[in-house]
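Sharing a structure with you now.
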Amino acid sequence: MFCRDCGEKLALRFMEKEGLVPYCPKCEKFKFPFFPVAVSMTVVNRDESKILLAKHTGEDDYTLFAGYVKKGESAEKAIPREFKEETNLNAIRWRYFSSRYHEAKNVLMLNFIVTTNEDEMQLGEEIEEARWCTFDEAKALIRKSSTAEYFLLGALPELGKKR
């Protein structure tokens, strides 16, 4: 592990109330590890009766829509940008739902429930297929034991309140 500011090799040092933290002897500062942040989107139609799932190019399973938050961008700005890039649909409104660390990609996922119209989609390069599903269909199709399944199953009771 190396300092992202000066390139010096980092050493682990004890920090009160934090434990062992990477430390740069050249900068004389603790260097907390950082990892990317991404938005995960549980996309629903206006009356929240259907969920839009995505099958990414080269993947076999359906997941939720997701995308990285760019440097200097808020999660709230990333949602409409990423969703438009992947579907050419507009995110009408969104509300924060939950977060989870996604170890496979070393990223903090921020999940939002996103509302869109059921207009005709034009899929971007990353998405091979998108499908509107009932709640039961979505539970059956979502990649098992995934972060997407975790968010979907958590959001369903919240969505059930709107119906």
Side-chain angles (χ1 to χ4, degrees), residues 1-46 48 51-59 61-130 142-143 146-155 158-159:
M1 209 169 11
F2 296 88
C3 178
R4 61 184 174 267
D5 296 317
C6 73
E8 186 76 17
K9 186 170 175 60
L10 299 175
L12 291 178
R13 255 200 196 166
F14 183 79
M15 182 180 199
E16 190 69 33
K17 297 183 183 177
E18 295 290 340
L20 291 175
V21 176
Y23 181 84
C24 178
K26 187 173 181 181
C27 295
E28 298 181 344
K29 292 182 181 177
F30 285 99
K31 301 291 183 160
F32 286 89
F34 76 98
F35 47 86
V37 176
V39 292
S40 167
M41 297 167 266
T42 304
V43 178
V44 295
N45 60 347
R46 280 189 185 263
E48 297 189 354
I51 295 174
L52 185 61
L53 295 182
K55 188 184 284 188
H56 287 76
T57 304
E59 305 262 333
D61 299 315
Y62 286 91
T63 61
L64 300 177
F65 289 87
Y68 287 98
V69 176
K70 292 180 178 179
K71 182 179 178 178
E73 181 179 55
S74 68
E76 293 81 2
K77 294 284 185 191
I79 292 163
R81 177 187 55 75
E82 279 289 339
F83 189 60
K84 184 84 167 178
E85 285 175 11
E86 293 180 349
T87 65
N88 203 37
L89 295 176
N90 292 312
I92 299 167
R93 64 182 173 273
W94 48 89
R95 63 188 184 271
Y96 174 77
F97 180 67
S98 181
S99 66
R100 186 179 194 195
Y101 174 69
H102 182 64
E103 188 172 6
K105 294 195 176 181
N106 190 38
V107 63
L108 177 63
M109 301 292 293
L110 305 175
N111 182 253
F112 291 80
I113 295 172
V114 177
T115 304
T116 189
N117 287 326
E118 292 180 72
D119 297 331
E120 188 174 323
M121 286 179 269
Q122 294 175 337
L123 300 178
E125 295 175 11
E126 297 175 25
I127 306 296
E128 186 173 299
E129 183 182 340
I142 199 82
R143 181 180 294 149
S146 66
T147 299
E149 182 185 49
Y150 171 83
F151 287 139
L152 175 69
L153 295 179
E158 176 75 16
L159 296 172

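Position 1 is the first residue of the sequence, and the numbers go up from there.
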Could you grab the distance from atom OG1 of Thr115 to atom CG of Leu52, nearest 0.5 Å is fine?
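Between Thr115 OG1 and Leu52 CG, I get 12.0 Å after rounding to 0.5 Å.
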Would you say the side chains of Asn111 and Tyr96 form a donor-acceptor pair under 3.5 Å?
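No, no side-chain donor-acceptor pair sits under 3.5 Å.
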Of the options Glu149, Glu129, His56, Arg143, which is the one that meets Tyr62 in a side-chain hydrogen bond (donor to acceptor under 3.5 Å, both in side chains)?
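When side-chain hydrogen bond (donor to acceptor under 3.5 Å, both in side chains) is applied between Tyr62 and each of Glu149, Glu129, His56, Arg143, only Glu129 qualifies.
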Near-ring test Phe83/Phe65, centroid separation under 6.0 angstrom:
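When the ring centroids of Phe65 and Phe83 are compared, they turn out to be within the sub-6.0 Å range.
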Under 4.5 Å between any side-chain heavy atoms of Leu159 and Ile51, yes or no?
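Yes, at least one pair of side-chain atoms sits under 4.5 Å.
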Taking C-beta and beyond as the side chain, do Glu128 and Thr57 meet within less than 4.5 Å on heavy atoms?
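Touching, per the 4.5 Å side-chain cut-off.
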When you compare the side chain of Leu12 with that of Pro22, does any pair of heavy atoms fall below 4.5 Å?
yes
Could you give me the CA-CA distance, side-chain angles and deciding distance for Leu89 and Asn117, then say whether side-chain contact (heavy atoms from CB on, under 4.5 Å) is met?
CA-CA 8 Å; Leu89 295 176; Asn117 287 326; 6.0 Å; no
Distance (rounded to the nearest 0.5 Å) between Met109 CE and Tyr150 OH
12.5 Å
Which is it for Lys31 and Asp5 under the salt bridge (Lys or Arg N to Asp or Glu O under 4.0 Å) test, yes or no, and what are the steps along the way?
CA-CA 9 Å; Lys31 301 291 183 160; Asp5 296 317; 2.4 Å; yes
Just verifying a value: how many Å separate Ile142 CD1 and Asp61 CG, rounded to the nearest 0.5 Å?
8.5 Å
What distance do Asp119 atom CG and Asn45 atom CG have between them, rounded to the nearest 0.5 Å?
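Atom-to-atom, Asp119:CG and Asn45:CG are 11.5 Å apart.
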Any side-chain to backbone donor/acceptor pair from Ser98 onto Phe151? Under 3.5 Å, distance only.
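Looks like no, no N/O pair under 3.5 Å.
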Are Thr87 and Ile127 close enough that some pair of their side-chain heavy atoms sits under 4.5 Å apart?
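Thr87 vs Ile127: side chains apart.
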Less than 4.5 Å apart, any side-chain heavy atom of Glu8 and any of Cys27?
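When only atoms from C-beta onward are counted, Cys27 and Glu8 do not touch, as no gap falls below 4.5 Å.
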Are the side chains of Phe32 and Glu18 in touch, meaning some heavy atoms are under 4.5 Å apart?
yes
Approximate separation, where rounding is to 0.5 Å, of Ile79 CD1 and Ile113 CD1:
11.0 Å
Report the distance from atom CZ of Phe14 to atom OH of Tyr23, rounding to the nearest 0.5 Å.
15.0 Å
Can you confirm if the aromatic rings of Phe112 and Phe97 lie within a centre distance of less than 6.0 Å?
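Aromatic pair excluded; centres sit 6.0 Å or further apart.
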